[in-house]
**Q** 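Provided herewith is a single structure, encoded as structure tokens, for subsequent inquiry.
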Amino acid sequence: MQRIGVFVCHCGTNIAGTVDVKKVAEMAAKETGVVHAEDYQYMCSEAGQSKIIAAIREKGLTGVVVCSCSPRMHETTFRKAAEKAGLNPYMVEIANIREHCSWIHKDMQEATEKAVILARAAIAKVHLNTPLKPGESRVTKRALVIGGGIAGIQTALDIADAGYKVDIVEKTPSIGGRMSQLDKTFPTLDCSACILTPKMVEAASHENITIYTYSEIEKVAGFVGDFTVDIRKKARSVDMEKCTGCGVCSEKCPSKKNPSEFNRGLGNRSAIYIPFAQAIPNVPVIDREHCTKFKTGKCGVCAKVCQAGAVDYDQQDEIITQNYGAIVAATGFDMIGLDKYDEYAYSQSKDVITSLELERIMNAAGPTGGHLERLSDGRAPKNIVFVQCVGSRCSDARGKSYCSKICCMYTAKHAMLIRDKYPDTNVTVFYIDVRTPGKNFDEFYRRAVEDYGVNYIKGQVGKVFLQPDGTLLVQASDLLDNRQIRMEADMVVLAAAIEPNPDARRIATMLTASIDTNNFLTEAHAKLRPVESPTAGIFLSGVCQGSKDIPETVAQAGAAAVKVIGLLAKEKLTTNPCTAKADELLCNGCSQCANVCPYGAISYEEKQVNDHGIRETRRIAAVNNALCQGCGACTVTCPSGAMDLQGFSNRQMISEVDAICR
């Protein structure tokens, strides 16, 4: 017979404001096996924990029920308190009477009745609890960073500076990410390349960092502390060891009219190319889709002019298998496609561009050499209109419901740079709201209005017309003056929404990491664990987790690095004992549990089983406790009822249901 103690928390007025906590304690005291029940204002406080410890020792408690907030918040706290008193921590149960009760009820009587029921269910479960002992697993002292943008670079540098080996995997031919495509950065108007390039060089030269560019993650297996990852290093058709980066191959390549991905398709590149001048590694890659040699078997000019003999048409993809203790997702973002927004004439006119395309136009290394000009005829625009929130904060299915967070600031930046360099150019910004939440951001926006004379109009653009003479007519509304506006423009810039990298869902699936409806990777806890994935050992860095600017991205990259360092510093990890376990007498080896296991934790082995005195060899499910996350998918799938979850067995769940229903 268990000796159970019940402890009811007031949580200030979070619980006590809606629940009669004293009555909950009184009713719990009447339950079978309960030998102690009390309430306290803050049970998670040091004084509250001391009450639990004292009761365990003085009354010989074999089980504890804490009626408080979500176990996600304080289950570990109360388990540690029980362990201090000599009680197995897995003999502690949490009855969530805050999130599941007080926060969703208005009537005290109704909330109190429900709190009593939740406490009763937890008591019923404790009666069937058994002491569990966590296992141990080793830690591989190496980290993987997926993505080579500023988030991935900063994360890798911080981990490497702590003395641990780090691999960066980047799918494009160079690290640098979106930041490498920018001209200036807000709110300081620093040259983007000037502050990014030293970071890129530092990462490339760091003794603890290995960079795999033009590479992708092929497969991820294993668990926290011991992941096994297959990396596909795609064939560049250029030997990186031999190449000197002279650039002669690109100059002599006859296939030069291929859209440049780095310049967002506004300029062309050769079939063999280096993405941009500061690229790391400074080694070209052959685009086999557009290379004449690979399409027809003829040409071969680049191999003929390469004095180093680095061009290798026979080079094949290579699979590199490596073990890691932790993985950081830093997969970045892209702009949304504007094919659904034809009212802005984006597909009709070359002079309707996105903000990222404007970045490339204004960049000295861009397709126009840094000169602001219309792509249709090369003339300098005299009237430029910026359209905010294109695809952001949408109520329809075309765009994104969230705010992209950076658009207001980079539009102010663009407007200031244009007015500074081309003072005769008129700049008008149509906006819904101006959002400037960062340090010195609002002052930056006010400079655009007050010092640079940028015309901000609160209103929405309904349509952009392409006129016969090639100019653009913008039809919009002024919400403050309640009037319609028809304005001619030489160039229209669309502040398009940002979204996670298209590979985010594929990567999340391989990592068994959670994603939200917008394909952003989900953090374990929005406030307390913002850089950790719910999957142990997987960490989040940068815009893969949500919209953010460069300073916020760098800050999160450092936070993710600290979490990784804390993990890699451990020699061994404690594994969760609440894992699946197969009953050998009931298991028939049907494989259904293995088919549904999202963590690949279930395998099969031939085993001698004694069934009612008859010894026979059977195919039995075996669970890797280090891999198993206790999700319970196998238990509901098993047709014979052989699979059960330790700490959450079928008997325990049924006992809770019975307690609720009586």
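Everything numeric in this text was worked out from a predicted model, so none of it was measured. We're numbering straight along the sequence, starting at 1.
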**Q** Considering only NZ, NE, NH1 and NH2 on the basic side and carboxylate oxygens on the acidic side, decide whether E523 and R529 come within less than 4.0 Å.
**A**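 Judged by the 4.0 Å cut-off on N to carboxylate O distance, E523 and R529 do not form a salt bridge.
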
**Q** Indicate yes or no: does E359 engage K413 in a salt bridge with an N to O separation below 4.0 Å.
**A**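 Looking at E359 and K413, the cut-off is met.
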
**Q** Within the side chain of K340, is there an N or O that forms a donor-acceptor pair under 3.5 Å with the backbone of G337?
**A**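 Between the backbone of G337 and the side chain of K340 there is no qualifying donor-acceptor contact (under 3.5 Å).
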
**Q** Is there a donor-acceptor pair closer than 3.5 Å between any side-chain N or O of D158 and the backbone N or O of A557?
**A**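 A pair under 3.5 Å: no.
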
**Q** Output yes when R264 and D334 qualify as a salt bridge under the 4.0 Å nitrogen-oxygen rule, no when they do not.
**A**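 Salt bridge: yes.
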
**Q** Do the charged groups of K439 and E552 touch, with an N to O distance under 4.0 Å?
**A**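 Not counted as a salt bridge, because no side-chain N and carboxylate O are separated by less than 4.0 Å.
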
**Q** Strictly distance-based, threshold 3.5 Å: is any side-chain N or O of S541 a donor or acceptor partner for the main-chain N or O of G152?
**A**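 It does not hold such a pair.
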
**Q** Do you see a donor-acceptor pair shorter than 3.5 Å between the side chains of S255 and T292?
**A**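 Distance-only check fails for S255 and T292.
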
**Q** Could you tell me whether E318 and K234 make a salt bridge, using a distance below 4.0 angstrom between a side-chain N and a carboxylate O?
**A**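 K234 and E318: not salt-bridged.
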
**Q** Is a donor on one side and an acceptor on the other found under 3.5 Å between the side chain of R360 and the backbone of Q181?
**A**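 Indeed, once roles are kept as given, a pair shorter than 3.5 Å links the two residues.
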
**Q** After noting the C-alpha distance and the side-chain angles of K242 and D312, does the key distance pass the salt bridge (Lys or Arg N to Asp or Glu O under 4.0 Å) rule?
**A** CA-CA 10 Å; K242 295 179 180 178; D312 181 4; over 6 Å; no

**Q** Side chain of T172, backbone of S174: donor and acceptor closer than 3.5 Å?
**A**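 Yes, T172 side chain to S174 backbone: donor-acceptor pair under 3.5 Å.
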
**Q** Which pairs, with at least one residue in residues 221-232 and sequence neighbours excluded, count as a salt bridge (Lys or Arg N to Asp or Glu O under 4.0 Å)?
**A**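 Found R138-D226, E218-R232, R232-D317.
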
**Q** Would a distance-only check, ignoring hydrogens and angles, find a side-chain to backbone donor-acceptor pair under 3.5 Å from H525 to K527?
**A**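 Side chain of H525 to backbone of K527, a donor-acceptor pair under 3.5 Å: yes, one is there.
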
**Q** Think K171 forms a cation-pi with Y214, using NZ or CZ under 6.0 Å from the six-ring centre and within 45 degrees of its axis?
**A**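 Judged by the rule, K171 and Y214 form no cation-pi pair.
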
**Q** What orientation do H414 and F386 show, parallel under 30°, tilted 30 to 60°, or perpendicular over 60°?
**A**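 Aromatic pair H414/F386 classed parallel.
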
**Q** Between N518 and S401, what is the shortest heavy-atom contact and its length?
**A**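 Taking every non-hydrogen atom into account, ND2-OG, 4.4 Å.
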
**Q** Checking the side chain of T579 only, and the main-chain atoms of C628 only, is there a donor and an acceptor separated by less than 3.5 Å?
**A**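 The answer is no, because no donor-acceptor pair under 3.5 Å joins these two groups.
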
**Q** Any sub-3.5 Å donor-acceptor pair from K141's side-chain atoms to L568's backbone N or O?
**A**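 Present.
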
**Q** Please tell me whether S137 and T575 have a donor and an acceptor in their side chains that are separated by less than 3.5 angstrom.
**A**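 No donor-acceptor contact under 3.5 Å links the two side chains.
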
**Q** With no hydrogens and no angle check, is any side-chain donor or acceptor of T140 less than 3.5 Å from a backbone partner on G225?
**A**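 Here the side-chain-to-backbone pair exists.
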
**Q** Taking the six-membered ring for Trp and the single ring otherwise, decide whether the centroids of F441 and F186 are under 6.0 Å apart.
**A**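 Distance test on ring centres: under 6.0 Å, yes.
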
**Q** Are F227 and Y324, when compared by the centres of their aromatic rings, separated by less than 6.0 Å?
**A**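 No - the distance between ring centres of F227 and Y324 does not fall below the 6.0 Å cut-off.
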
**Q** Begin with the C-alpha distance, continue with both residues' side-chain angles, and end with the deciding distance and a verdict on side chain to side chain donor-acceptor pair (under 3.5 Å) for R288 and S237.
**A** CA-CA 9 Å; R288 295 188 176 189; S237 303; 3.0 Å; yes

**Q** Do R142 and Y164 form a cation-pi contact, if we require the NZ or CZ to be under 6.0 Å from the six-membered ring centre and within 45 degrees of the ring's axis?
**A**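 Output no; distance or angle outside limits.
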
**Q** Before you tell me yes or no, could you show the steps for S270 and S250 under side chain to side chain donor-acceptor pair (under 3.5 Å), namely the whole-Å CA-CA distance, both residues' side-chain angles and the distance that decides it to 0.1 Å?
**A** CA-CA 6 Å; S270 303; S250 297; 5.1 Å; no

**Q** Taking atom types as modelled, find out whether T213 and R236 have a side-chain donor-acceptor pair closer than 3.5 angstrom.
**A**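 Distance-only check passes for T213 and R236.
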
**Q** Between E136 and K572, does any NZ, NE, NH1 or NH2 come within less than 4.0 Å of an OD or OE carboxylate oxygen?
**A**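 Looking at E136 together with K572, the answer is yes, because their closest N to O distance falls below 4.0 Å.
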
